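As C-alpha cells, the structure follows; a few thoughts come after it.
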Amino acid sequence: MEHGYTQALCEAPVDASYSLQPSPIHFPSSNRMHIKLYGRPLSTATRRAALVLVEKGVPFELVSVDTLKKEQKAPAYLERHPFGQIPLLDDNGFLLYESRAIGRYIAEKYANQGAPLLPGTLKGRALFEQAASIELTNFDLYASQAYWATDGIKRHGKEPNMILFHEMIDKLGPKLDGYETILSKQRYISGDDVSLIDLFHLPFGSFLKSQSPGLFQSRPHLARWFDEVSARPSWQLVKDGTQPTFLLLSDTQ
Ligand SMILES: N[C@@H](CCC(=O)N[C@@H](CS)C(=O)NCC(=O)O)C(=O)O
C-alpha cells in the first residue's frame, strides 16, 4: 500500500492496544444451518457485504474477527482466506471472500427477494459492469486511501495524515464531476434501477460526506443520488456498525 498505510487500518476500536502477534480464531462448530460473515461491525468492507445480506433479508451471524489482535493472520483463518482479510462469508461450507464478490453471490442466490440489485438483460449487465469498474477505479481507489489516512489510522490512536487526505480529495474531484454528468441523466449509477454498485459506494461515500461535505454540496445530482441510496433501510441498519443490529439479525434464524 502506498504511503506506508495498510488495509489493516480500516477498522478498530479507538482505545484498543495493538498487537502484532496473530491470535487463534475460533470457528464455531454449530449444527445450525445459517450464513456466517466473519468480520467486524465497523469495518468498511464488512459493512459492504452485510449491507447486501440485509437488503436481501438474509439472516446471518456476524462472527467477530479481531483485526487488532491479528486474528485474520492466524493460520486457521489464512487457510480460509489466503489474503488474511475481512470479510469472509461461510454459506454452510461454501467460503467466499472479497466484499463485492460476496455481494454479487448473495444478490444472485436470493434474486427473488428484496430489490433485484442485478440487471437481467445483456445491455443492463454491460452497464452494470461499466458502473462496477467506475466504482473501483474512479472512486474506491481514492476514497479508501482518504479513509485510511484519517479515520482508519485515528482508530489506532495515531495521527491522521491530512496531506494524503487532501491529495486524495483533490484527485476525487474530477472523478466526481464524471459522476455528476452520469447522475444528471439517470437515477442510479448503472441505470434507472438501484443496483449493487450503488450500495458498494456507501461505506467510503458516507465517510467522505462527513469529512468533505463540499464534494457533494457542489454536485447536486451526486448529492441527490447519494442521499437516496444512503436512506435505504439496509444502510440505516448497518452504517453505524452497532453490534445489536447483527445480533438481532442472527436471532431471527
Ligand atoms: N478488497 C477487500 C478488502 C478487504 C479489507 O481491506 N479488509 C480490511 C478490513 S476493512 C482488513 O481485513 N484488514 C486487515 C488486514 O488487511 O490485515 C474486500 O473488499 O473484501
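For the single chain, residues carry numbers from 1 onward in sequence order. Predicted model only: the values in this text are computed from it and were never measured. Whatever order the structure lists ligands and atoms in, that order sets their numbers, starting from 1.
Of the polar atoms of Ile86, at least one N or O is found under 3.5 Å from an N or O of ligand 1, judged by distance alone. Considering backbone and side-chain N/O of Ser99, one or more are found under 3.5 Å from N/O of ligand 1. Ligand 1 has no nitrogen or oxygen under 3.5 angstrom from a nitrogen or oxygen of Trp148. Of the polar atoms of Gln85, at least one N or O is found under 3.5 Å from an N or O of ligand 1, judged by distance alone.
Below 4.0 Å from some heavy atom of Arg100 lie the following atoms of ligand 1, by number and element: 19 (O). Each of the following atoms of ligand 1 lies closer than 4.0 Å to a heavy atom of Pro87: 20 (O). Distances below 4.0 Å separate heavy atoms of Gly84 from the following atoms of ligand 1: 15 (C), 17 (O). Annotation for ligand 1: atoms under 4.0 Å from non-hydrogen atoms of Gln72 are 14 (C), 15 (C), 17 (O). Residue Arg48 approaches ligand 1 through these ligand atoms, each under 4.0 Å from one of its heavy atoms: 19 (O).
At a heavy-atom cutoff of 4.0 Å, ligand 1 is contacted by the side chain of Lys73 but not by its backbone. Residue-level proximity to ligand 1 for Lys70 is absent, since no heavy atom of it falls below 4.0 angstrom.
Donor-acceptor pairing under 3.5 Å is recorded for the side chains of Tyr105 and Asp91. Side chains of His34 and Glu61: a donor on one and an acceptor on the other come within 3.5 Å. Side-chain atoms of Tyr110 and Glu55 form no donor-acceptor pair, as typed in the model, at a separation below 3.5 Å.
Side-chain atoms of Gln72 and Phe83, non-hydrogen and from C-beta on, never get closer than 4.5 Å to each other.
For the pair Thr46 (side chain) and Arg40 (backbone), a donor-acceptor distance under 3.5 Å is present. Side-chain N or O atoms of Glu71 include one that pairs as donor or acceptor with a backbone N or O of Asp66 at under 3.5 Å. Side-chain atoms of Gln145 come within 3.5 Å of backbone atoms of Leu141 as a donor-acceptor pair (strictly under, hydrogens ignored).
If you look at His201 and Trp225, their ring centroids are closer than 6.0 Å.
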